[in-house]
Amino acid sequence: MVSGGSSDTLGAPLVLGIESSCDETGVALVRGRELLVDAVASSMDEHARYGGIIPEVASRAHLEAMIPTIQRALGEADVDLSEVDAIAVTAGPGLVGPLTIGASAAKALSIGLNKPLYGVNHVIGHAAVDELVHGELPERVMALVVSGGHSSLLLVDDIATDVTELGSTLDDAAGEAFDKVGRLLGLPYPGGPHIDRLAREGDPTAIRFPRGLTARKDQDKHAYDFSFSGLKTAVARWVEARTDSGQEIPLADVAASFAEAVADVLTAKTIAACQRHGVETLVVGGGFSANSQLRDMAAERCAEAGIDLRIPPIRYCTDNGAMIAALGSAVVRAGVAPSGLDIPVDSSMPLTTVSV
């Protein structure tokens, strides 16, 4: 059990959270800011042979795993379903098929238990989960959420009601770029962990790859936006040129230099945003926050800037039910009205929408 050690646990509603936006079926129970259980069933191995997520395969895996995962979570927490006070579920963004499976399960539970339903934002959940580990968020924080599908910079004045999107990726997200470069280098899917491992053995200064949207001309319109497509192309051209000339490809140096470029842009833009908006606390979440170069560079630059850095343990950075239960709990505590049973799923839900 992970707990932020909050004082609001006693008497707080018990929230069951369901996450199914991609390839993980996550179910968790949260009371206040205390995590009672987090159960996850992943279908990643089923997608590895295709080199990416197949929505139909993911949907079928969610359908098969949903009830067993709910039962496992309740059993591990020694909680009866009747004790649950509210149901929170990912309403978007994500893949439509997988989202629909989770939403259908949540609606069925809401009807069967006669308990309120809250459809919440997946990306904002990646920031909310930090409360389960490090306790209540300060009044104003910056959240950098980086994953396979998202690279988003959020100004959070209230995690339940007031989130402003400052910037996002204009093309490939950081994790997506890592997967594509991993494929280019002949690494297994998903590429992120393999590039991270290789990068630790290489020289990050060996190759100067470009930093997207950092030129002076981009500062007015895209000061906090990210672009990694050009970087990915630069890596491909560098590797192609070496191959054409018959030279060996120094995989570790390529990985390290590529990862350094990504971490450099992410952290530089985020620190600049914190300073411009007077923010003293940065939360980093999402699956890509497991990247060691990003963690190291964020820690170093936050220390230099006097910014408090909060990054949850890696298991709470990848998709999980705890993040949805945490955000659901925050929404319930804030007195936000429940969602209707007719809520749709939204694959491109705006990041200013915390709940629907």
Side-chain angles (χ1 to χ4, degrees), residues 2 126-127 129-130 133-134 137-138 141-148 150-154 166-167 169 172-182 185 187 190-214 224 226-228 231-232 234-235 250-275 279-320 323:
V2 173
H126 275 301
V129 75
D130 185 76
V133 180
H134 298 120
L137 291 172
V141 303
M142 194 70 67
L144 174 64
V145 179
V146 278
S147 64
H150 305 279
S151 295
S152 304
L153 193 56
L154 309 175
L166 298 181
T169 183
D172 292 346
E176 183 181 6
F178 263 64
D179 287 339
K180 289 180 177 179
V181 170
L185 298 179
L187 302 175
H194 298 284
I195 291 180
D196 192 22
R197 173 182 52 79
L198 268 176
R200 288 195 289 267
E201 303 169 3
D203 177 3
T205 65
I207 310 159
R208 177 67 185 184
F209 287 127
R211 272 67 168 161
L213 297 180
T214 57
Y224 306 130
F226 307 104
S227 172
F228 299 111
L231 169 61
K232 174 198 66 182
V235 174
L251 292 179
D253 287 346
V254 173
S257 300
F258 165 69
E260 177 84 358
V262 173
D264 185 19
V265 171
L266 289 172
T267 55
K269 285 176 174 272
T270 300
I271 296 298
C274 288
Q275 293 173 329
V279 176
E280 298 179 351
T281 301
L282 170 63
V283 174
V284 180
F288 186 73
S289 64
N291 179 265
S292 58
Q293 280 174 287
L294 175 62
R295 285 178 171 247
D296 292 345
M297 195 175 291
E300 178 182 342
R301 291 182 171 177
C302 280
E304 291 173 352
I307 295 170
D308 180 30
L309 176 63
R310 294 169 47 149
I311 307 180
I314 291 174
R315 65 169 296 191
Y316 299 110
C317 292
T318 53
D319 293 348
N320 57 79
M323 56 188 266

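The first residue of the sequence shown is numbered 1, and numbering continues consecutively from there.
- Residues R310 and P138 meet the side-chain proximity criterion, which asks for heavy atoms closer than 4.5 Å.
- The shortest non-hydrogen separation linking A290 to D196 is O-OD2, 3.9 Å.
- Not one N or O on the side chain of D203 forms a donor-acceptor pair closer than 3.5 Å with the backbone of D253.
- Here the side chains of V254 and I207 are in contact, with some heavy-atom distance below 4.5 Å.
- Under a 3.5 Å cut-off, the side chain of H126 and the backbone N or O of C317 do form a donor-acceptor pair.
- Contact of the S292 side chain with the R200 side chain is registered, since non-hydrogen atoms from C-beta on lie closer than 4.5 Å.
- The CD1 atom of I195 lies 9.0 Å from the CG atom of N291; values are rounded to the nearest 0.5 Å.
- Considering all non-hydrogen atoms of both residues, P312 and V284 come closest at CD-O, 3.3 Å.
- Using a 4.5 Å heavy-atom threshold, the side chains of L231 and V265 count as separate.
- Residues L137 and T281 have side chains not in contact (no heavy-atom distance under 4.5 Å, counting atoms from C-beta outward).
- To the nearest 0.5 angstrom, T214 atom OG1 is 7.0 Å from K269 atom NZ.
- Looking at heavy atoms from C-beta onward, M142 lies in side-chain contact with L166 at the 4.5 angstrom threshold.
- Looking at heavy atoms from C-beta onward, I271 lies in side-chain contact with C302 at the 4.5 angstrom threshold.
- Between the CG atom of D130 and the CD1 atom of I311 there is a distance of 9.5 Å, given to the nearest 0.5 Å.
- Each of L144, V146, L213 was checked for a side chain to side chain contact (heavy atoms under 4.5 Å, CB included) with F226, and the lone residue meeting it is L144.
- Of all heavy-atom pairs spanning G202 and A256, the tightest one is C-CB, 3.7 Å.
- The two residues S147 and A173 make their nearest non-hydrogen contact at O-CB, 3.7 Å.
- The side chain to side chain donor-acceptor pair (under 3.5 Å) test applied to D264 returns R211, R301, not counting sequence neighbours.
- You'll find the side chain of Q293 stays beyond 4.5 Å of the side chain of T267, heavy atoms only.
- F178 and F258 have tilted rings, their planes meeting at an angle from 30° to 60° on a 0 to 90° scale.
- Minimum heavy-atom separation, V262 to A174: CG1-CB, 4.1 Å.
- A305 and Q275 make their closest contact through CB-NE2, 3.8 Å (heavy atoms, listed as atom of the first residue, atom of the second, distance).
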Kindly determine whether I307 and V279 satisfy side chain to side chain contact (heavy atoms under 4.5 Å, CB included), including the steps that lead there.
CA-CA 8 Å; I307 295 170; V279 176; over 6 Å; no
